[in-house]
Amino acid sequence: MKPVRLVVGFAAGGPTDVVARAFADYAGRALGQAFVVDNKPGANTILAAQAVFGSPADGYTLLFGASNHTMIPALYGSRVKFDVVKSFQAICAVATSPTVLVTGPAIASRTLKDFMAAVRAQPGKVTAGSPGVGSSVHFATEMFARANGLRFNHVPYKGAAPVVTDLMGGQLDSSFATLGSVLPQIKSGKLTALAVAAPKRSTLLPQLPTFAQAGGGDFSADAWYGVFAPAGTPAPIVKALEDAASGFSKSEAAADRMRSLGIETTSLCGAPFADQVRREVATYSRVAQELEIKAD
């Protein structure tokens, strides 16, 4: 019996890869079937999605994607050969990484309301860093700004690490970030977390209010990680994968491993997950069109 290939559009060692490997380990044991992770980074995860799109719908080639999967249509349009919604069977989202708005020492505000007041007082002056134009952080920044009548000075970087470095050094005012990537800096006091962009507080930082609780409106930008199969994958295979994903989310060992990385296990399967994918595709496409955000 050949192994199931779990294709990941990011390099080894990153959060998506780490969650994928944890899921592959659990699913392999739960299903009695070997799973191997195949890293295919590049082109904003398009290479990985293309590899799965071009594979037989037999359950032996799966895509382990993240939130940016739903941004592909907004950024690339007809330049890709697949349809993010129609070409894939959305199996399950298995984990989420809460997104938080953080500030560095250059900003004195310690609450979201004070920070928003400071941004309003200096339209286009307060800097907001992101790992690049069209990144999930860029979209989160623009969507938060539009929802609250704010205007930032967006500063794109080449990757997330220099954003955090400049935040701590005072060269950058603010940024959205996945909680796992900045939790040590928040706990040490080098960065200040103002709110979590999720419907409810994170168990990883329970004292941190949501945007709604802190006065920033009903704003959510959680990063998710999930499993996709080629469209047309037989129902029994889909059901087996959903069962494995559900078991993974309930596993204390998996939950503990994810929490240590600032990630929370979840289980959103079948139609609800597919619906979320469709909603996000529509939202990002609209925002990208209105703001003329395009991939390089």
Side-chain angles (χ1 to χ4, degrees), residues 1-39 45 48 52 59-69 88-100 178-184 187 196-206 208 220 222-229 233-277:
M1 185 182 296
K2 65 180 181 180
V4 174
R5 185 166 64 118
L6 198 60
V7 184
V8 180
F10 297 90
T16 307
D17 174 73
V18 171
V19 180
R21 291 180 186 277
F23 172 75
D25 179 62
Y26 179 90
R29 288 183 283 106
L31 299 176
Q33 165 70 55
F35 277 66
V36 296
V37 172
D38 181 6
N39 297 95
T45 73
V52 176
Y60 284 103
T61 304
L62 305 173
L63 175 68
F64 197 87
S67 301
N68 67 298
H69 183 69
F88 299 94
Q89 172 87 37
I91 305 295
C92 289
V94 300
T96 60
S97 185
T99 298
V100 294
T178 55
L179 182 53
S181 67
V182 291
L183 191 57
K187 289 187 173 180
V196 59
K200 61 181 180 179
R201 296 190 184 206
S202 170
T203 58
L204 302 169
L205 210 61
L208 186 66
S220 182
D222 274 355
W224 52 259
Y225 308 93
V227 184
F228 295 82
T233 298
I237 295 175
V238 171
K239 178 63 166 58
L241 291 168
E242 287 182 352
D243 289 345
S246 179
F248 175 78
S249 70
K250 297 173 184 175
S251 165
E252 279 300 321
D256 288 344
R257 183 175 178 184
M258 293 298 99
R259 278 194 292 266
S260 69
L261 301 168
I263 296 169
E264 299 173 325
T265 54
T266 188
S267 181
L268 184 67
C269 297
F273 182 36
D275 289 343
Q276 178 172 320
V277 169

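We're numbering straight along the sequence, starting at 1. Both backbone and side-chain heavy atoms feed into the values below; hydrogens, waters and symmetry mates do not. If you're wondering where the values come from, they're calculated on a predicted model, not measured in any experiment.
- Remark: side-chain polar atoms of Glu264 are paired, donor with acceptor, to backbone N or O of Thr203 under 3.5 angstrom.
- Heavy-atom minimum distance, Ala48 versus Val7: CB-CG1, 3.6 Å.
- Leu6 and Ala20 make their closest contact through CD2-O, 3.6 Å (heavy atoms, listed as atom of the first residue, atom of the second, distance).
- When the salt bridge (charged side-chain N to carboxylate O under 4.0 Å, His left out) test is applied to Arg201, no partner is found at least two apart in sequence or on another chain.
- The heavy-atom pair separating Ala245 from Val94 by the smallest distance is CB-CG1, 3.7 Å.
- Residues Phe64 and Phe10 keep their aromatic ring centres 6.0 Å or farther apart.
- Summarising the geometry of Leu62 relative to Ala229, their closest heavy-atom pair is CD2-CB, 3.7 Å, with the distance given to 0.1 Å.
- The shortest non-hydrogen separation linking Thr233 to Gly59 is CG2-N, 4.3 Å.
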Quiz item: Should Asp25 and Arg29 be marked as a salt bridge (Lys or Arg N to Asp or Glu O under 4.0 Å) after you check the CA-CA gap, both sets of side-chain angles, and the distance that decides it?
Solution: CA-CA 7 Å; Asp25 179 62; Arg29 288 183 283 106; 3.1 Å; yes
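- Within the 4.5 Å cutoff, the side chain of Pro15 has heavy atoms near those of the Ile263 side chain.
- A distance of 11.5 Å separates CH2 in Trp224 from SG in Cys92, rounded to the nearest 0.5 Å.
- The main-chain N or O of Lys2 is found under 3.5 Å from a side-chain atom of Gln33 such that the two form a donor-acceptor pair.
- Ring planes of His69 and Phe228: tilted class, angle from 30 to 60°.
- Looking at heavy atoms from C-beta onward, Leu205 lies out of side-chain contact with Val196 at the 4.5 angstrom threshold.
- Under the side chain to side chain donor-acceptor pair (under 3.5 Å) criterion, the residue pairs touching residues 235-246 are Lys239-Asp243, with sequence neighbours excluded.
- A distance of 8.0 Å separates CD in Glu252 from OG1 in Thr265, rounded to the nearest 0.5 Å.
- Here the OG atom belonging to Ser202 is positioned 10.0 Å from the CZ atom belonging to Arg259, to the nearest 0.5 angstrom.
- Annotation: the span from Phe23 atom CZ to Tyr225 atom OH amounts to 15.5 Å, rounded to 0.5 Å.
- With rounding to the nearest 0.5 Å, the separation of CG in Leu241 from CZ in Phe248 is 13.5 Å.
- Closest approach of Asp222 and Pro199 over heavy atoms only: OD2-CD, 4.4 Å.
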